[in-house]
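The model shown is predicted, which means the values in this text are computed figures rather than measured ones. Naming: A, B, ... by sequence-line order, numbering from 1 per chain.
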Amino acid sequence: MTDSMLIYKIILCVIVFAVSLGAAAYMTWGERKLAAWLQDRVGPNRAGPLGLLQPIADGIKMIFKEEMIPTHSNRWLFILGPCFFMLCACMTGVVIPWGAGWESGGTIFPMQVTDINIGLLYLLGVVSIGVYGVMIGGWASNNKYSLLGALRASSQMISYEVAMGLALIALVMMTGTLSLKEIVAQQDQGLAFVVYQPLGFIIFIICAFAETNRAPFDLPECESELVGGYHTEYSSMKLGFFLFAEYINMFISSAIMASLYFGGYNFPFQHELGLDGNVLTIVQTAVFFGKIFIFIFVFMWVRWTLPRFRYDQLMNLGWKVLLPLAIANIIITGFVMLFMGKLG
Amino acid sequence: MMQLTNRSMQVAKKELTFMERLYFPAIIKGMIITLSHLFKRKATIKYPDQVRELSAVYRGQHVLKRDEAGAERCTACGLCAVACPAEAITMESAERKKGEESLYREEKYAKIYEINMLRCIFCGLCEEACPKEAIFLTDRIVPSSFTRGEEVFGKDKLVEGIDLRVDVTKRQTQEVLSFKTDKKHYHNQTFLDKKK
Amino acid sequence: MLTEYAFWFLSFVAVFSGIAVILSKNPVYSVLNLIMTFFSIAGHYFLMNAQFLAAVHIIVYAGAIMVLFLYVIMMLNLNNLETEKRSNVLKLSAVVAAGLLMTVLSGAVQTADQITLVEKTTGAAGMVENLGIALYRNYLLPFELASVLFLAAMVGAVYLSKKNLNETQA
Amino acid sequence: MEILHNVTINHYLGLSTVLFALGVFGMLFRKNAIIIFMCVELMLNAVNLALVSFSKMHGDTDGQIFVFFIMVVAAAEVAVGLAILMMLYRNRHTTDTDTLNDLKG
């Protein structure tokens with residue numbers, strides 16, 4: 001790795017981090033605005049034009065609010081919980097290919113921080129350790145409701161992770177690689193993988209809803225039944241971290257869905273346009289963000305439409321419906337591949 | 001049980017069919033409904049910038065009227081208090097002294113006149129009961145406050161200012177208005193008219 | 001050079017958090033320290049270019065097994081149960097026994113040849129493709145047997161953790 | 001892969017030894033069944049580490065395959081073992097191994 005490449009990677013890292021945070025901040029605004037529109041309201045419109053400065057105002061409010069740490073809580077773990085959750089949320093962005101790559105002076109700078117050959121497993125691993133942030137935070141609060149909320153949240157995340165992993169296996173069988181870059185590159189020519197894996201995509205998107213604790217799977221945060229779940233005792237920016245990490249997770253999972261099933265930064269007839277390499281990269285990145293935007297819209301749209309699941313329904317859906325469906329999907333994929341002669 | 005309306009429905013817990021148990025058609029239907037609301041007109045009125053138009057007979061905060069010369073019309077007869085279904089009105093009367101003709105229209109006046117805005121139901125019966133055209137409900141909103149005591153409005157808040165008259169002409173029919181302004185009738189004459 | 005520092009750093013983290021697992025009073029701290037150990041072991045796997053194994057290690061150990069531990073500790077509320085009344089003689093004998101074992105093992109390791117890892121490796125052993133080929137060609141039978149073992153363990157765990165067996169059967 | 005120039009197999013075996021001994025020590029030292037369980041996991045991981053370093057030394061995959069199977073066994077063991085612990089706690093309200101000596105002659 002040359003020095004220029006190293007510097008480039010560091011810059012790209014910072015950019016990905018900043019973009020995730022910025023996107024998450026404006027998703028809070030978008031969420032409130034969209035919720036308002038779906039309910040025939042106007043939404044935030046006081047801070048700046050169209051309320052566009054609202055996230056900044058919210059952030060300032062969060063930081064300056066009084067910090068409360070319960071007396072009988074476990075102080076270090078109480079602080080560690082949200083930090084860990086936030087860290088895990090930010091760690092997932094590095095394997096996503098945001099664009100094809102820059103060509104400058106003969107070297108190609110990829111628009112991806114790192115292309116590890118176990119990209120998908122890395123994602124699953126980071127998602128699975130994200131559970132600890134929730135569990136530690138809920139337990140350290142020394143509050144029954146927090147503990148119950150944390151147990152709920154984490155068991156939900158673990159349960160749906162299984163179905164999510166199995167849904168991905170069918171895709172991996174098709175592509176023969178775990179690297180996200182290659183999966184996206186394989187969709188360059190031909191159809192997006194959602195055409196081949198519709199069932200897998202549906203399972204994946206449902207699991208993504210559950211993993212990000214979004215409605216209709218937002219039991220861990222229900223105010224009415226469990227007084228707020230695992231972040232009951234949190235205030236100020238530590239609460240902000242929990243809420244913010246949820247939005248980052250949403251952004252990243254939208255990006256993952258776009259890259260795995262909807263061709264990532266590729267778009268139809270991209271090579272027929274006759275664009276120069278770097279211009280094409282810019283257009284591709286824009287298209288990728290467009291796809292992410294659509295998925296985020298779906299996330300929010302679903303949240304403001306569907307009611308929350310009951311806990312037993314949630315577990316039934318995860319274990320008795322999605323898991324068998326995912327396994328069936330794997331079997332079907334295997335058979336189709338066998339008959340199409342794709343197996344070596 | 002006797003049915004008051006025919007809108008009640010018998011609730012039955014039917015076994016769901018397979019299509020219903022898939023939930024997807026229902027989910028998609030719901031999603032389309034919410035999506036359609038995205039393009040509907042917003043129901044919000046942006047209040048401080050944009051004020052909702054009130055009807056002419058809107059019943060808001062009360063006003064105790066003065067006549068054209070600036071004397072209080074109320075004579076503390078107590079009919080409004082009697083008419084009030086919420087018992088929100090109390091008053092204490094006093095006799096007009098010599099030289100106070102410019103302040104009070106009749107020989108008797110309300111020394112204290114209080115409306116408890118927490119009790120008031122804004123029915124407007126006081127307005128109907130008043131024989132002296134003294135109390136009216138206006139289109140002003142009762143301001144909120146932090147204590148209960150502040151919600152008992154005395155004469156300082158109820159009587160209109162001499163220079164800040166509250167227009168209630170819309171609440172009166174044309175006949176009443178013309179009858180009231182006709183100076184041929186003795187009761188319509190102010191103390192200035194009587195001096196002449 | 002950097003990898004060497006990484007080795008020593010990860011080793012110290014592993015050993016110290018391993019000690020902390022044993023010595024912490026609160027089981028939750030033990031679990032968290034054990035997770036730290038597992039992370040540093042996963043780091044070692046990365047250093048040895050066994051990337052797939054490292055990811056699986058984190059997913060299985062940190063993501064599933066330790067969460068189960070944490071669940072049991074949190075649900076049973078075992079935080080304050082720790083009243084170690086074990087006598088000093090027993091504790092001392094534990095130290096001696098473990099120390100002797102370590103002496104024997106490290107003695108055995110000491111006499112082994114010093115083989116630098118890089119010499120005999122192609123570096124591709126830890127890649128997914130090679131692992132998959134080995135697992136599904138040479139070790140297919142053990143693989144299938146492992147799935148049977150999993151099934152048995154799952155049934156057993158569900159059966160054991162039923163609240164009241166007599167009631168559910170009735 | 002220009003990795004681990006000066007780190008020999010013995011380094012890894014040494015680390016593995018230390019972790020294994022720590023696991024044994026913990027098993028003997030503590031009497032909370034859950035901690036003992038965790039020490040078992042520690043020992044299994046020490047072995048895993050040794051196996052992976054052997055695999056790296058020989059440059060073949062067999063060692064890593066063994067690690068997979070150890071993981072499988074560990075996962076199954078934890079599932080059943082923790083279920084047993086739950087039942088024990090429900091019936092005896094303790095996980096102290098010293099008090100669980102009913103079968104002692």
Side-chain angles (χ1 to χ4, degrees), chain C residues 3-4 7 11 14-15 18-19 21-22 27 30 34 37-38 41 44-45 47-50 53 60 64-65 68-69 72-73 76 78 82 86 91 94 97-98 101-102 105-106 109 112 114-118 120-123 125-126 130-131 134-135 139 142 146 149-150 153-154 156-157 160-161, chain D residues 1 3-11 13-15 17-22 24-26 28-32 34-35 38-39 41-42 45 48-49 52-53 55-62 64-65 67-69 71-76 78-80 82-87 89 94-95 98:
Chain C
T3 48
E4 209 171 321
F7 170 82
S11 303
V15 171
I19 291 169
V21 171
I22 296 161
S30 291
L34 194 55
T37 315
F38 286 164
I41 289 175
H44 278 304
Y45 292 169
L47 283 188
M48 287 189 276
N49 209 23
L53 202 59
V60 172
I65 292 181
L68 272 185
F69 271 105
V72 171
I73 288 169
L76 299 187
L78 291 175
E82 207 59 39
R86 183 158 277 194
K91 282 185 177 175
L101 179 77
M102 191 167 137
L105 282 177
S106 47
V109 171
Q114 301 269 330
I115 302 167
T116 313
L117 285 170
V118 74
K120 286 190 171 179
T121 53
T122 53
N130 299 329
L131 277 178
L135 196 58
Y139 293 91
L149 172 72
F150 257 136
M154 196 170 78
L160 274 171
S161 50
Chain D
M1 271 289 167
I3 256 179
L4 301 178
H5 274 292
N6 300 313
V7 180
T8 60
I9 182 79
N10 304 60
H11 286 82
L13 289 182
L15 177 63
T17 304
V18 171
L19 288 178
F20 192 84
L22 267 177
V24 173
F25 171 62
L28 296 171
F29 191 72
R30 296 294 291 260
K31 52 181 193 166
N32 188 336
I34 285 202
I35 309 275
M38 285 194 252
C39 291
E41 295 298 320
L42 196 60
N45 268 279
N48 281 355
L49 189 62
V52 173
S53 59
S55 152
K56 177 74 180 166
M57 183 179 78
H58 289 298
D60 63 5
T61 49
D62 288 0
Q64 300 192 19
I65 300 285
V67 174
F68 274 121
F69 288 120
M71 277 185 194
V72 169
V73 173
V78 164
V80 177
L82 284 179
I84 291 173
L85 266 182
M86 291 272 287
M87 282 310 283
Y89 187 80
T94 179
T95 52
D98 280 5

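In this structure, Ile34(D) CD1 and Phe69(C) CZ are separated by 7.0 Å, a value rounded to the nearest 0.5 Å. Between Leu53(C) atom CG and Lys56(D) atom NZ the span is 12.5 Å, to the nearest 0.5 Å. Here OG of Ser11(C) is found 8.5 Å from NE2 of His11(D). Values are rounded to the nearest 0.5 Å. Atom CD1 of residue Ile65(C) and atom CD of residue Glu41(D) lie 5.0 Å apart, to the nearest 0.5 angstrom. One finds the CD atom of Gln64(D) at 5.0 Å from the CG atom of Leu131(C) (value rounded to the nearest 0.5 Å). For the atom pair Ser106(C) OG and Leu13(D) CG, the distance stands at 11.0 Å (nearest 0.5 Å).
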**Request:** Show the numbers, then the answer: is there a side-chain contact (heavy atoms from CB on, under 4.5 Å) between Val72(D) and Leu149(C)?
**Result:** CA-CA 8 Å; Val72(D) 169; Leu149(C) 172 72; 4.2 Å; yes

**Request:** Would you please test Leu135(C) and Phe69(D) for side-chain contact (heavy atoms from CB on, under 4.5 Å) and show each step?
**Result:** CA-CA 10 Å; Leu135(C) 196 58; Phe69(D) 288 120; 4.1 Å; yes

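Here the closest heavy-atom approach between residue Ala21(D) and residue Leu101(C) is recorded as CA-CD2, 4.4 Å. Here the shortest heavy-atom pairing between Tyr45(C) and Asn48(D) reads OH-CB, 3.1 Å. When all heavy atoms of Ala157(C) and Ala83(D) are compared, the pair lying nearest together is O-CB, 3.8 Å. Nearest heavy-atom pair, Ile35(D) versus Pro27(C), reported as atom, atom and distance to 0.1 Å: CD1-CA, 4.2 Å. The shortest non-hydrogen separation linking Ile22(C) to Leu22(D) is CD1-O, 3.0 Å. Of all non-hydrogen atoms in Ser30(C) and Met38(D), the two that sit nearest each other are CB-CE, 3.7 Å.
Within the 4.5 Å cutoff, no side-chain heavy atoms of Phe25(D) are placed close to those of Met102(C). Side-chain contact between Val72(C) and Tyr89(D): absent, with no pair of heavy atoms (C-beta onward) separated by less than 4.5 Å.
Heavy-atom distances place the side chain of Leu15(D), and not its backbone, under 4.5 Å from chain C. Ala64(C) does not touch chain D: none of its heavy atoms, backbone or side chain, sits under 4.5 Å away. With a 4.5 angstrom heavy-atom cutoff, Val67(D) touches chain C only via side-chain atoms. Proximity to chain C (any heavy atom under 4.5 Å) is restricted, for Leu19(D), to the side chain, taken from C-beta onward.
Each of Ile65(D), Thr17(D), Val80(D) has some count of heavy-atom pairs under 4.5 Å with chain C, and the biggest count is that of Ile65(D). Counting heavy-atom pairs closer than 4.5 Å to chain C, the top residue among Leu85(D), Val73(D), Leu49(D) is Leu49(D).
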